[in-house]
Amino acid sequence: MSETRIPGERHQLIYAVVAQVPRGRVATYGQIAQLAGLPRQARLVGYALSALAAGNRLPWHRVVNARGRISERGDDGRSALTQRRRLEKEGIRFDADGVIALAQYQWRPE
DNA sequence: CCACTGACGAGTG
DNA sequence: GCACTCGCCAGTG
């Protein structure tokens, strides 16, 4: 069967998973993709998040890359700084290299 | 319609 | 551990 995919459908699947990441925890792009039923498509998660309109309710700041670092956006680090501040406000610590200890903070859905 | 451009990560050498 | 390839989607001009 050829599954008819509506453009933007993947974005919705991704947003639905991001919305579930609890406060004080982080998830990786690859993890979000996996949970959204899009294994090995971490990049799509990045695309989906970059397409977010400002002022949305999604906790997009809880998504970091597989190395535990915040991915840069090409907006001169502005949004990256916002992201870091929000995470620190939730109690998440960064080491001197700007790395989050995933072993401690990564979200593990039941 | 085509070309280009992004919040990634696993695999390979 | 580093450099490189490749897979994959949606918006813009």
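Here is the naming used below: chain letters follow the sequence lines, and residue numbers restart at 1 for every chain.
Rounded to a whole Å, the CD atom of A:Q31 is 16 Å from the P atom of B:dC8. Rounded to a whole Å, the CD atom of A:Q34 is 12 Å from the C1' atom of B:dA10. Following rounding to the nearest Å, A:Q106 (CD) and B:dG9 (P) show an atom-to-atom distance of 11 Å. In this structure, CD1 of A:I14 is placed 19 Å from P of B:dG6, rounded to the nearest angstrom. Atom CZ in A:R67 sits about 11 Å away from atom P in B:dA10, given to the nearest Å.
Distances shown here put every side-chain N or O of A:R69 at or beyond 4.0 Å from the OP1 or OP2 atom of B:dC8.
The nearest heavy atom of DNA chain C to A:P7 and to A:A42 marks one nucleotide each, and the one closer to the 5' end goes with A:A42.
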Can you check side-chain contact (heavy atoms from CB on, under 4.5 Å) on A:Y105 and A:R93, steps first, answer last? CA-CA 9 Å; A:Y105 297 110; A:R93 304 279 221 72; 3.3 Å; yes
Under the side-chain contact (heavy atoms from CB on, under 4.5 Å) criterion, do A:L102 and A:V64 qualify, and how do the steps go? CA-CA 10 Å; A:L102 292 180; A:V64 298; 4.2 Å; yes
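For A:P59 against A:V21, the heavy-atom pair with the smallest separation is CG-O, 4.3 Å.
Distance check, rounded to the nearest 0.5 Å: CZ of A:R25 to CD1 of A:I92 gives 8.0 Å.
Side-chain proximity of A:R43 to B:dC8, B:dG9, B:dA10: nearest is B:dC8.
If you check every strand for non-hydrogen atoms under 4.0 Å, A:L38 touches nothing. In this structure, A:A66 reaches the sugar-phosphate backbone alone: every heavy-atom distance under 4.0 Å involves primed, P, OP1 or OP2 atoms, never a base. Note on A:Q83: nothing from the nucleic acid sits closer than 4.0 angstrom, heavy atoms only.
With A:F94 as the aromatic partner, A:R84 meets the cation-pi criteria of under 6.0 angstrom to the ring centre and within 45 degrees of the ring axis.
Formation of a donor-acceptor pair under 3.5 Å by the A:Q31 side chain with backbone atoms of A:W107 is found in this model.
Nucleotides of DNA chain C with any atom under 4.0 Å from a heavy atom of chain A span, from 5' to 3', C:dG7 to C:dA10.
Residue pairs meeting the salt bridge (charged side-chain N to carboxylate O under 4.0 Å, His left out) criterion with at least one member in residues 57-82 of chain A, sequence neighbours excluded: A:R62-A:E90.
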